[in-house]
Student: 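Below is the structure I would like to discuss, written out as structure tokens.
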Amino acid sequence: MSKPVRVNDMVIRFANVNGTGSASANDLFSKAVFRMGIPLSSKNFFPSNIQGLPTWYEVRVSEKGYTGRRNGVDLLVAVNPQTYAKDIATVVPGGYFLYDSTKNLHPELIRKDINYIGIPMMKLCMENYDIPRQQQLFKNIVYIGALATLLDVEMEVIRDIIRQMFAKKEKLIPPNFKALDLGANYVKENFSWPLEIRLERRDALGDQIFMDGNSAASLGALYGGVTFAAWYPITPSTSVISAFEKYCKKYRTNPDGTTNYAIVQAEDELAAIGMVIGASWNGARAFTSTSGAGISLMTEFLGLAYFAEVPAVIVNVQRGGPSTGMPTRTQQSDIISCAYASHGDTKQVLLFPSTPAECFEMTAQALDLAERLQTPVLVMTDLDLGMNLHLSPALKWDDNRKYDRGKVLNRQQLEEAKQFGRYLDVDGDGICYRTLPGTHPTKGSFFTRGTSRDEFARYTEEGEAYVRNMQRLQKKWKTAADLVPAPEVTRTGTSKLGVIYFGTTKFSADEALDMLAEEGMKFDVLRIKAFPFGGDVHKFIKDHEQVVVIEQNRDAQMRTVLMTELEIDPAKLISVVNYDGMPIAADTIYDQIKKRLSPIAVKA
Amino acid sequence: MSKPVRVNDMVIRFANVNGTGSASANDLFSKAVFRMGIPLSSKNFFPSNIQGLPTWYEVRVSEKGYTGRRNGVDLLVAVNPQTYAKDIATVVPGGYFLYDSTKNLHPELIRKDINYIGIPMMKLCMENYDIPRQQQLFKNIVYIGALATLLDVEMEVIRDIIRQMFAKKEKLIPPNFKALDLGANYVKENFSWPLEIRLERRDALGDQIFMDGNSAASLGALYGGVTFAAWYPITPSTSVISAFEKYCKKYRTNPDGTTNYAIVQAEDELAAIGMVIGASWNGARAFTSTSGAGISLMTEFLGLAYFAEVPAVIVNVQRGGPSTGMPTRTQQSDIISCAYASHGDTKQVLLFPSTPAECFEMTAQALDLAERLQTPVLVMTDLDLGMNLHLSPALKWDDNRKYDRGKVLNRQQLEEAKQFGRYLDVDGDGICYRTLPGTHPTKGSFFTRGTSRDEFARYTEEGEAYVRNMQRLQKKWKTAADLVPAPEVTRTGTSKLGVIYFGTTKFSADEALDMLAEEGMKFDVLRIKAFPFGGDVHKFIKDHEQVVVIEQNRDAQMRTVLMTELEIDPAKLISVVNYDGMPIAADTIYDQIKKRLSPIAVKA
Amino acid sequence: MTFVKPTFRHPALTKNAVGFTKADYEGALSTLCAGCGHDSISASIVQACYELDIEPHRVAKFSGIGCSSKTPTYFLGNSHGFNTVHGRMPSVTTGANLANKDLIYLGVSGDGDSASIGLGQFCHVIRRNLNMTYIVMNNGCYGLTKGQDSATADRGSINKSGVENRFQSIDLAALALELGASFVARSFSGDKGQLIPLIKAALLHPGFAFIDVISPCVTFNNNDGSTKSYDFVRDHIDATSPLDFVPEEDEITLEYDPEKPAEVKLHDGSILNFYKLNPLWDPTDRNLSVERMNKARQEGHILTGLLYLEPSTSDLHKTLQTTAKPLNTLKEDDLCPGSQALDKINQGLR
Amino acid sequence: MTFVKPTFRHPALTKNAVGFTKADYEGALSTLCAGCGHDSISASIVQACYELDIEPHRVAKFSGIGCSSKTPTYFLGNSHGFNTVHGRMPSVTTGANLANKDLIYLGVSGDGDSASIGLGQFCHVIRRNLNMTYIVMNNGCYGLTKGQDSATADRGSINKSGVENRFQSIDLAALALELGASFVARSFSGDKGQLIPLIKAALLHPGFAFIDVISPCVTFNNNDGSTKSYDFVRDHIDATSPLDFVPEEDEITLEYDPEKPAEVKLHDGSILNFYKLNPLWDPTDRNLSVERMNKARQEGHILTGLLYLEPSTSDLHKTLQTTAKPLNTLKEDDLCPGSQALDKINQGLR
Ligand SMILES: Cc1ncc(C[n+]2csc(CCOP(=O)(O)OP(=O)(O)O)c2C)c(N)n1
Ligand SMILES: Cc1ncc(C[n+]2csc(CCOP(=O)(O)OP(=O)(O)O)c2C)c(N)n1
Ligand code: SF4
Ligand code: SF4
Ligand SMILES: [Mg+2]
Ligand SMILES: [Mg+2]
């Protein structure tokens, strides 16, 4: 088979065993592509265990800047014989299968329509390193060397990354270089290189960064002024807090060793959210992060915070549900359980970041909103965004930016106030004034509770007072719709057809829409950034005849919430879903939209 | 004021202090009305404390059989001076205010348009009983005596009830009779009696009973074969389990003192539902009952049971939310939080009883459904239904009825089976075969988990296996729609307008619809009995131009679920809600429907 | 409904060193049952804070859910309070405390709240040695939900429904000691002479201070009193609804000598044996404390007093090395690393 | 993915008294890290059940969530198992046990699962004296979420991120004893000679039997080993991602004499001091047990063996007086009072 050379357009998949050091080697490869100025994304598909099971790492390289997934692997780096058979099947016709040829491939594994590249990785390592652990470790670098050569990655870029990586442990640099060369040289001596799919330096990234969303969210918490974090470990949210701790140590430790923050690993998620509520009630900016079951366990406290009107910020890094589900796979399937978390009539504010930059910005913003609105705010990210490296606009902070601490009366204001009622709607926006403990010796104290109360925070069981309060909360909800980030509307005015998506779906969806546009099927696009939705979302749906809602869950949860909150006729909302735990792929969206849209609509 | 005599049509409200023994005295009055064959309902509005706070008890008497609430009090029995002012305001013009005249009424409390009846209750008691505790206690019986005389209640009926009440403690009968006479005689000597509103014996009740829903649900559990109950106390669900325990002691204790049941008061709701899941997994019929926060705390486990497909029955006696909310008030506000309980894509089966008879029947049925469908089933009752005495059809049990234990393979079936896969959809209905521990030494064992797995219950992280499983759960959901109780459709074929309601709303709604019908506004009616909804509900909505959905929560939660599950255009569904914690009243429904329905629709 | 106490009740009370009268430490009128032990504890809290010259607004009070957890409405009306959810007071207090180290943190809870649903949080707040006073108003039952046994109910005791409790009771003070609490005490609601000083000591203790206060529920511990004069009324109640009539009871009070057991008859006629530690004994020897508590338990005595004290304890703020300033007072300047630092971070991500 | 073990591994093993080979007690191939202590405990469970001649299907196994909680997949493949949710194994086991008193109930859990999120359920299942064996595979950390300290981590120990644990550790065995457990033991994963008999005794105990098994996490306790030969690799790991490379380790095994302390070096070079109880000592004296455990704790020893036993214990079924037949075998006839009784009930409601 001979094909035209394809530059900067490929999917490379690494099939490894977890715990063998492959993930950092694969990151090294991604980073090199990034440094060559070429758009890419990388995704890690890892098992829910610590060592010894199959794990995959997928790099999408796209000159055009498509950083979502697309199906089909152009080159597979196969280091795990356990999954050879399965891996080979994923390679597109004409693609490449790069494997460890220390052992021969079983004849059954030979496909005629793909190319095999055998590198004796283990053999090379055994010949060059003595200690078994080192042999295992450097095998990863050997295949990076081989791959880089085959694809024409600039070797000096890789060497630079290695130099930086081991800047503090220089003795590690030469053996890594050696491993790189072992792989590179083997290729040079045995194959024709580079391949017909290859990489070429570009300058397509501007000032973008390459980052995971969880670190970005933790920086948002840092910059947003969080002084207290409580959490309980759970994949894939754990790294939000570990990154937060790392940054706090660096940026929030005083010269005398004391800290301008406190972090508590709670005994469970109930305690974690309880602590956040306690700290927020007492005037500190506080947050927690969780996933999956953690959200279910926080349900009772989320209802308290909604009803007693206490700020709280929760970063929910969504994973495959229900129950323990697929803890190391991605989904957007907590929309309903978060939007209406807790028994009784409750509504919770949600933010939907799409990029690490938005994880940063929205976490900081969530802190403002939670205090302004005196209610929980959930940042709804997901495993894909949180744990994988993404191209992202650089993080930005305006040094003049002030935290919005919301309506909190200080001592003097209390002194001057004619009356204070914790739940009096003074401004008519549904948001009342609060006070912090310790503010004033005789004025402004009140009792916070999850039970019905009157405007002066006094317990009451009177139906009228209860209804007044619930209606004020509705009013506050309207206010919230104006305060949360507005949706992003793109490709406007071209079509009667609309597409709505949110979060990580953006990347594949944009690609799919380009594919459809090429066939003459044009869509206007709205990306939801927050719940409640606000007028723009309503207008967008009203202005289009058919609107496709794309999401990563089985039950079309965002579509449900759209219908419910905006009173939309479901006939208007066409659902495209993907929920197998893999980030949604462009082809999936493309296929489903074509299948779902009635021929009439398509022609429109 | 002189009005025509009104027979068997009134609202009587008792204003008491809790912990004073008034509730049982007031029950005595209700029971007497019941025994006179007159339709009635009685409702207790009690505070969330134990002693010393205002409490009200409302009896609706209705010749026509309207047993929902209607606004306006015809006669107020005022025993709590603390609330005199408020109580007086609730009396309709021309109504009566019966009070303890031991102390004079403050002149400010005098309304010209109502009638005052002063009975020196405390004085009579002090003159006739020595011990303060007895004085307090018999005050209640004194006002019952007075009231009965004023309304023409047959005194012998009351005496009979007292005789039965104290059948085992006969010495208590005479002093009670005496108190009754004290009240009665005082009326006879001081007032003209009976009043213009009065009672008259009828035979309008057939074989109906007068019962609270919680006891009925507990009997459903007993008859339905529950052998294990785990629970944690919470108002208003507590009496479900205490009644269950009482009945079990009576009907399930063996001659040797051992029991055919086990009840565990768990350490919290998480443990309670965990125990129920463990017992159900192991083949016992098990249930729990909870309210409010308890449902939120069960969220994680409900997700496990949905996904791992373990039966569980939960009686949710709904109360005023959110959070601790109004723990002694009624609402139907857990619909969304129960229908989609837990993170990820989940759907839970709900049943909605309207009468004690249905509490009985649906709890028994829930046990069948949970085992048939291998999933949690929630019986969604409420405080009003659960804790108040209602007229109800008699409880019925067919002695030939067999429990549906669902698809459970026994030893022999396992022996004969070619293969066993716990999650194999053998019958194509989405429901698979399960086995119980201990069944067979070498066949049929499997591992239950909340993580993704294949058809043979083996752990897998493969997207395809996960999707197959989630789609099968969807298929099972469809099967469920056919198995759950069908809705009740009444007044059919008369109108383009439909009304949908469920649960305790039935009573006031029927009255309101009669009022509207008198004005020429006719509605067809559908009462929802279960979620998922099934085709009948869909057809009903399709067949009508406008459908009013009446419910007792702020956010129109049932309407949301209808839209979501049946793909209904919200424009078609007109919402009528009441959420002040009081059972919805007929006038409220009447007013709101008139206000909400567009003039065009009304004419239709 | 919260009833505001008529202010004329305290015409001209003496002011304490910080200028407050005792009335300034009181709260709304209690809605608990007449004679409930919890009300006595509230009164002791009021007295302790008054005597300690604590400004009321320097106290933040917390509770879970239950009759006991309602009491913060009935004391320290000038303090902020937070009635959280059932069993989760410790976590909310932990967050609040970390937000502002400068206030005094007082949590009250019930035995249902702390020994059942809240047992995990109870244990973990001890483990963290949070600087707070934690009072359990221990009545061996669930008052607010009408008298079910709690996990601290004595094995063999008879509850409201006439059922014998067949489970081992959890001794929260012994548990606290096992988990390393630095201040462990026990007292009786009716013994203000002992309770007030203990509350004062607890409030001053620079770490976690636990007081288990036996506090009889007059309503639901009121079941076994067949020898009592109000027999007739009781029969009446039994025949109707057990929860409908709550006879008013007097508060049980108690004064007794150290080192001599004191018998207390509860409203139901059952007897508690209190045994007060001599104030001169050394509460700082942990082994000795364990031994004495085990011994008392075996003998069926309830040992009261300061059971254990570790004076030089270091609270959670010390453990976490938080800055001297309350975290909730830190401003943008203290917290935000600024755009230059962010540019550097960005640079590291390229 | 669950890998099925190749069956040729056990060509022709001896059968036990009930006709099963040891292979019949094994499960799927473990996916834990090479050398993980938990795998040794699984092996001991297999051996214990084989030796006890228990038919595999008479065991029901339960767990929470964690590496430890995965092990039920790796032993007793012919038994039903239930991997519940994090920290809630005790409640599910309680329900299961009450449904069928005739099976043998075995729960395994981790220290995160039992001492943090599950501490409340742990305490309450003890209080109910459920007839079950409860094994905690105690590695002082959260293995599955990558090495955070758990509540049983020793104060002062250094975790994977190089941070010192500054909190008091919870001693689950001491806690179990305080809460009245009727069988309390401790052992070490590598000491099969001690562990297997303890598991056997626990399975035979007619009430709640708790075994705290110290079970080193080779991956995340593997942090401080600067003296180790694979220094170079460790540096490498530190410089990249700490969780990415997990060197294979050998299992740590141990045999030692009673009454003589044994030092065990963990993979990270840290040292545990085990101190085995003489099998001849009397474990039925609760006070003595408390004393010995306190003493060992103060001396920094880990006391192993059967720490306490109350032989004549009465389990939850006895407490509740359930019928001899398993509740899950009762039929309509046993359960349903029938229509006549219902008519009577109806009559009472008119
Ligand atoms: C999650 C939850 N479950 C149950 C309840 C119901 N409830 C309210 S108070 C209480 C028990 C209170 O007992 P305790 O803490 O001992 O307080 P007491 O009333 O005896 O002072 C319960 C179970 C609740 N409020 N929340
Ligand atoms: C509710 C909930 N919170 C968090 C998690 C994530 N999680 C999985 S295992 C685990 C800790 C396990 O620690 P341990 O019980 O000690 O087991 P080990 O892995 O150390 O054997 C956690 C926190 C979860 N599964 N569920
Ligand atoms: S029920 Fe008991 S605990 Fe509650 S207020 Fe009354 S006496 Fe106190
Ligand atoms: S991470 Fe630790 S506990 Fe988990 S399997 Fe690996 S060695 Fe065992
Ligand atoms: Mg209590
Ligand atoms: Mg562990």
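Chain letters run A, B, ... following the sequence lines, proteins first and then strands; every chain starts at 1.
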Student: What residue pairs, at least two apart or across chains, pass ring-ring contact (aromatic ring centres under 6.0 Å, His included) with a residue in residues 291-311 of chain C?
Tutor: Tyr275(C)-His301(C)
Student: Side chain, backbone, both or neither: which part of Ile126(C) has a non-hydrogen atom closer than 4.5 Å to chain D?
Tutor: neither
Student: Can you tell me how far the CD1 atom of Ile170(C) sits from the NE2 atom of His124(D), to the nearest 0.5 Å?
Tutor: 4.0 Å
Student: Taking side chain as everything from C-beta outward and backbone as N, CA, C, O, which of these in Ile117(D) sits under 4.5 Å from a heavy atom of chain C? Side chain, backbone, both or neither.
Tutor: neither
Student: Any idea which heavy atoms bring Phe167(C) and Arg127(D) closest together, and the distance?
Tutor: CB-NH2, 3.4 Å
Student: How close do Cys123(D) and Leu119(C) get, heavy atom to heavy atom, and via which atoms?
Tutor: CB-CD2, 3.4 Å
Student: Tell me, side chain or backbone of Arg155(D) under 4.5 Å from chain C's heavy atoms, or both, or neither?
Tutor: neither
Student: Measure distances from Gln298(D) to the heavy atoms of chain C and classify the residue's part below 4.5 Å as side chain, backbone, both or neither.
Tutor: side chain
Student: Which atoms of Ser314(D) come close to chain C, meaning under 4.5 Å heavy atom to heavy atom: side chain ones, backbone ones, both, or neither?
Tutor: neither
Student: If you round to the nearest 0.5 Å, how far is CG of Leu177(C) from CD of Glu178(D)?
Tutor: 8.5 Å
Student: Is the shortest side-chain heavy-atom distance between Asn287(C) and Lys295(D) below 4.5 Å?
Tutor: no
Student: Just verifying a value: how many Å separate Thr319(C) OG1 and Gln168(D) CD, rounded to the nearest 0.5 Å?
Tutor: 10.5 Å
Student: What do the steps show when you test Val290(C) against Glu291(D) for side-chain contact (heavy atoms from CB on, under 4.5 Å), and what is the final call?
Tutor: CA-CA 9 Å; Val290(C) 173; Glu291(D) 215 173 87; over 6 Å; no
